[in-house]
Enquirer: 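Can you read through this structure? Questions will come right after.
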Amino acid sequence: MTDRENNKRLAAALDRWLEGEADLEAEEELRSFRPLVAALREALPPDTPDPAFHDSLRARLLAKAHPSLMQRLRFVGSCALGWLPNASRQRGAAIAWPRSLLLGGAVATLLVAYALLILYSRMVPTLQPSTASVPGTIVNDLGTPLAVGAREPAGSSAPALTAPLAAAATPAATAAEAPMAKAAPADSVPEEGGATPPAAAAETLAAAPTAAEKRASVASEPAEPSIPVPTSAAEAAVESPPATAPTPTSSALPTAIAAVPTPTAPATFALVPLPPVDATEPKSAMAAAPVGAGVGAQAIQPDSPGTRGRGVATLSTQQSEPTLSVQYEMQAQWPDIPASLPVYKLKPEAETLEAARALAQRLGVDPSLVQTVGGDGAPAYFSADTSAASFQLSADGRLEWEDRTATPSSLALSDADLMAAAQRWLDDRGLRPAEATPVLTPADASQPYRLVVFSPAGIPALRSELRIEVGILPDGQVVHLWKQWPGVEVASYPAQSRSQLEKALQEGRGKPRLAPDPGFPRQAEADMKATITAARVDYLLTYTVDGQQYLQPVLVLEGEARLGRLKASGLPASQQQQLLDQHYTLTVSLPLVADQYQTSYHVQFQLAAGLPAVPAEAARYVFPAPTPVSLTDVKALGAKLSLAGEPTLLTEGADPADSVREYRWQGPDGYVLRVPADPQPGYLLAWSYGQAQPEPAPSNVKGQPLAPEKAAALATEWLRQHQLLSSDLGAAEVIDSSPHGSDVLFPFLLNGIQVVDENAFTVSLSPAGEIVNVTAFRLPTQPQQQLALLTPAEALAAVQAGQGEISLSVRVLSRDQIQSDQARITSMELVYARDEVSAGEAEPSYVPIYRFAGVMQLVGSQEPVSFTVILPATRS
Amino acid sequence: MFETTESEMIQEVGATPAGMSALEIDRLLVEAAQRDRSAFAGLYDRYFHAVYSYAYRRTANHAEAEDITAQTFQQALEHVASYEWRGIPFSAWLFRIAGNLIARRGAKASTLTPLDDTFDLASDEPDPDLNLIRSERAALLHKAIATLPKDQQRALVLKFSRDLKNKEIADIMGKTEGSVKQLLHRAIIALRTRVEIEND
């Protein structure tokens with residue numbers, strides 16, 4: 001029987017089994033599928049969630065509110081400006097939102113918007129008073145303080161800066177040292193769990209060993225202007241190599257390194273001669289990068305060298321995780337580690353319907369594709385599924401295609417011809433990247449075609465992420481294609497030296513992976529002796545919390561390990577002994593390039609257009625007690641919406657303390673008006689199409705979102721028709737990543753100035769232009785006092801001087817410092833934002849701020865990066 | 001057994017960024033979510049399956065598990081800003097929310113699972129080698145499944161996790177039985193190509 005016949009029989013048997021007509025265990029032809037099916041049953045137990053539910057919930061949670069508003073509001077963290085009256089504000093001060101809304105039918109809408117409120121409140125309460133000597137702290141999109149304002153006088157030592165800088169090192173260090181980051185002024189009063197003056201911080205930290213010691217030493221060092229910023233002790237060594245490199249006596253002798261990965265006991269770095277170390281310590285390319293100079297469009301002030309910061313890696317206290325102390329014995333040769341190594345930043349494609357259609361046509365697929373709308377986190381995809389072919393292209397560029405019409409002939413090409421045919425087929429359709437080189441995989445009896453796999457030539461690190469599989473019949477017909485080939489941006493970074501890597505091991509930075517998994521209880525403590533028998537440089541797929549993926553070089557150490565001591569209360573003695581007797585294989589990986597955030601920035605802003613006209617003063621608005629929502633209010637609203645009948649007042653919860661009341665009014669076609677009845681600050685008007693839950697999910701919404709102009713026009717007209725288009729609504733803004741299709745946002749205005757928070761009308765439209773949901777949030781406001789405002793020129797000057805608060809749309813790797821002389825401010829406006837305060841200090845209010853937005857190009861990167869800078873607008 | 005390449009091994013390690021403990025990642029994600037709502041995605045992705053699994057195990061009902069999971073994450077998103085980091089896994093908080101929700105609904109006592117069970121690092125598997133093999137196999141298989149088109153992923157889950165017939169899957173997915181069969185066929189063939197499995 002030929003392979004082709006075999007394949008046919010196999011495919012037919014598989015189909016019979018899938019139809020329930022064949023027994024997997026009984027049919028011999030299905031034997032080869034049994035392990036896979038068994039593994040699938042094991043990997044997909046009954047508690048596996050439906051992937052569609054995962055995606056729709058994710059989209060609903062994260063894309064429900066106002067993404068574009070969110071983008072504008074990515075300003076977080078500390079700010080060294082004295083625009084708020086009290087430095088001791090605490091996080092978490094937010095308006096108590098109506099409980100009823102949490103339980104009502106429009107829960108998702110409100111919660112997401114409320115999260116937006118909280119997000120914004122995260123920014124304001126953490127603002128700190130400034131002193132003349134404290135520049136602004138720059139915060140990245142993770143909230144990590146990135147830098148201290150670049151306008152400190154040259155040569156000044158700035159002890160006030162060291163504490164925030166010490167917090168600016170790593171993702172790991174971020175949270176632990178966040179309180180320090182808020183301790184901007186040297187004379188600020190220490191708070192419990194909050195700000196700590198730098199000197200006190202240094203003193204406190206100095207009492208702790210290992211990582212804490214480093215932190216203290218870093219904190220005690222003065223900042224030096226215009227010198228590149230090492231972000232850890234290890235990096236400091238990279239940038240400032242010792243005069244003489246350590247000289248080992250022999251490369252053949254083993255190295256032993258005792259690593260104690262807890263901060264509670266200093267590690268002992270034991271013995272032995274080390275193999276030779278490359279005396280030429282790598283230097284940072286960025287280290288030599290000059291700090292840019294210049295002035296903005298307004299020629300505010302001459303530039304001055306930037307201050308700098310340092311950070312340290314922080315070891316986790318791992319309070320509830322097993323503590324494993326490892327003593328390493330090095331029996332492997334150290335691999336050659338170049339002075340610098342590339343880091344690959346993966347940049348998936350952003351496919352459009354037009355591109356998908358063009359691609360479908362090139363593949364002979366009917367280009368009338370179905371588009372599944374994507375939300376945030378759930379990428380859209382474009383697909384066609386016919387009897388002739390299937391086609392699916394995700395918005396991030398993953399492509400799968402299959403031809404169902406091919407009729408194999410008896411021709412059998414050679415392997416070389418098959419590879420050439422696959423390559424030619426890709427070339428003819430413009431699908432083969434120049435760097436793709438083919439490999440023909442062995443024949444697989446379960447499928448009728450051979451696979452020709454293309455991957456980047458000469459870059460093994462990328463092979464797993466950049467890959468094209470072409471399924472080709474023996475006669476050369478291509479019947480299957482799977483392609484994932486994101487763009488790649490490469491940047492070289494100085495590599496850690498061997499001594500630095502050893503130190504990192506000593507500090508427990510390489511988390512050992514053991515096989516078999518000993519399954520330690522969380523409170524266990526163990527000593528382990530590991531013998532490293534192999535070491536190599538490899539690549540690790542890492543990612544940031546914003547989803548950006550990097551292929552990062554790592555040193556991989558492999559070997560064997562045995563436990564020397566185990567303390568695991570609760571684990572039976574027999575099991576403990578079993579663990580002690582076990583031989584483990586061990587893998588440890590250590591980052592080979594700096595893996596910490598950059599700690600300095602220098603940006604030269606330029607204003608694209610003229611300065612906006614703003615009033616000399618503006619009111620501060622407070623929030624008076626809300627007026628209870630009455631039946632009359634609801635009826636008035638219902639009349640505008642032309643609802644017939646009467647609303648119903650529903651109460652949820654038997655306990656009066658926890659019960660919530662809500663008016664519901666059934667409209668036509670399943671629309672429901674819901675209005676929380678309890679007096680709360682603000683009220684919600686929500687229409688829900690059909691049942692309140694579930695919300696429309698991306699996978700259920702077919703078609704393209706409306707053109708923004710059309711969506712805005714339809715939404716505006718709808719509000720006008722229903723007498724809801726009041727004069728205090730701002731211009732429509734269309735958000736097209738909504739789960740509904742399009743959301744049109746109408747912000748509220750206060751005295752003509754836009755309010756940037758969740759208080760807005762949002763009209764959601766389906767791709768067909770149907771109004772599917774309307775939500776309205778509104779806080780009652782009352783002017784309290786007039787505040788003198790900075791002029792736009794003064795505001796711009798302050799931003800140029802580093803006094804604003806900046807956030808970027810991307811994370812930057814360490815040393816890829818925020819330096820840009822091409823920061824173009826495309827939008828500068830005066831807006832109102834919420835100033836939340838902690839209880840008892842003052843009333844929350846709307847206060848005016850300047851908001852700058854634009855695009856910058858970082859030095860060393862070709863990628864435009866969106867930024868937002870905010871600045872308090874009041875003179876006080 | 002799976003054939004695990006070195007790069008796969010490395011990428012598996014990559015599930016936890018080098019040098020960071022699970023707690024550190026938790027803390028980082030919480031801090032990020034407190035500052036930027038969109039960063040809540042990290043926490044969601046990290047704990048979605050665990051929360052769902054927990055909810056399902058306590059309710060034995062997928063619809064209820066979906067409701068509880070949705071409410072859990074909605075509440076977490078709402079309150080994450082005021083979440084105070086105390087060095088405890090973020091998942092503990094999520095499970096508490098989910099547990100409260102289930103309690104209010106009157107979950108079936110018979111399906112109650114102690115909270116700690118969901119975190120127990122020690123395995124009940126009598127054969128650690130076999131346990132390791134299975135967990136690695138499942139991890140690799142999950143990774144391979146994730147590369148499949150969404151429809152194929154969904155069909156696989158409904159087939160192997162819910163043990164549904166093609167007709168039932170077709171009803172849920174809004175497709176024809178034939179289309180579901182094709183999805184499953186292609187998914188299985190693709191998985192067979194991308195992972196190689198032997199019997200234990």
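Keep in mind it's a predicted model, so treat the numbers as computed, not measured. We name chains A, B, ... by the order of the sequence lines, and we start the count at 1 in each one.
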Enquirer: Taking salt bridge (Lys or Arg N to Asp or Glu O under 4.0 Å) as the definition, give me every residue that meets it alongside A/Asp15, ordered by chain and number, with sequence neighbours left out.
Expert: none
Enquirer: Counting heavy-atom pairs under 4.5 Å with chain A, which one of B/Glu66, B/Lys165, B/His142, B/His49 comes out on top?
Expert: B/Glu66
Enquirer: Quick one: of B/Lys167, B/Gln153, B/Gln182, who has the most non-hydrogen atom pairs under 4.5 Å with chain A?
Expert: B/Gln182
Enquirer: So, for B/Tyr52 and A/Asp47, which heavy atoms are closest and what is the spacing to 0.1 Å?
Expert: CD2-O, 3.3 Å
Enquirer: Given heavy-atom pairs under 4.5 angstrom as the criterion, report whether the side chain, backbone, both or neither of B/Ala146 touches chain A.
Expert: backbone
Enquirer: Does B/Tyr44 have any ring pair (Phe, Tyr, Trp, His ring centres under 6.0 Å) partners at least two apart in sequence or in another chain, and if so, which?
Expert: A/His54, B/Phe48, B/Phe73
Enquirer: Nearest 0.5 angstrom please: A/Arg398 CZ to B/Lys150 NZ, how far?
Expert: 8.5 Å
Enquirer: Could you look at B/Thr69 and say if it's the side chain, the backbone, both or neither that has a heavy atom under 4.5 Å from chain A?
Expert: both
Enquirer: Are side-chain N/O atoms of A/Arg41 and B/Ser161 paired as donor and acceptor at under 3.5 Å?
Expert: no
Enquirer: Just by distance, do the side chain of B/Arg162 and the backbone of A/Thr48 share a donor-acceptor pair under 3.5 Å?
Expert: yes
Enquirer: Would you sort out whether A/Phe33 and B/Leu191 count as a side-chain contact (heavy atoms from CB on, under 4.5 Å), showing the intermediate values?
Expert: CA-CA 10 Å; A/Phe33 285 102; B/Leu191 288 176; over 6 Å; no
Enquirer: Would you give the length of the straight line joining atom CZ of B/Phe160 to atom CD of A/Glu42, rounded to the nearest 0.5 angstrom?
Expert: 13.0 Å
Enquirer: Does the side-chain contact (heavy atoms from CB on, under 4.5 Å) test come out yes or no for A/Asp50 and B/His62, once each step is laid out?
Expert: CA-CA 9 Å; A/Asp50 184 340; B/His62 283 291; over 6 Å; no
Enquirer: Please round to the nearest 0.5 Å and tell me the distance separating atom OG of A/Ser390 and atom CD of B/Gln152.
Expert: 7.5 Å
Enquirer: Among B/Lys159, B/Glu177, B/Arg186, who wins on heavy-atom pairs under 4.5 Å with chain A?
Expert: B/Arg186
Enquirer: Is any side-chain heavy atom of B/Val180 less than 4.5 Å from a side-chain heavy atom of A/Leu18?
Expert: no
Enquirer: Mind running side-chain contact (heavy atoms from CB on, under 4.5 Å) on A/Trp17 and B/Leu184 for me, showing each step along the way?
Expert: CA-CA 11 Å; A/Trp17 175 68; B/Leu184 288 167; over 6 Å; no
Enquirer: Can you see which heavy atom on B/Val157 is nearest to which on A/Pro49, and at what distance?
Expert: CG1-O, 3.6 Å
Enquirer: So which part of A/Pro46 gets closer than 4.5 Å to some heavy atom of chain B, the side chain, the backbone, both or neither?
Expert: both
Enquirer: Is there a side-chain contact (heavy atoms from CB on, under 4.5 Å) between A/Leu40 and B/Ile145 once you walk through the steps?
Expert: CA-CA 10 Å; A/Leu40 276 169; B/Ile145 290 171; 3.9 Å; yes
Enquirer: To the nearest 0.5 Å, what is the distance between CG (A/Leu57) and OG1 (B/Thr72)?
Expert: 9.5 Å
Enquirer: Below 4.5 Å, heavy-atom pairs only: which of A/Gln392, A/Gln484, A/His480 has the largest tally toward chain B?
Expert: A/Gln392
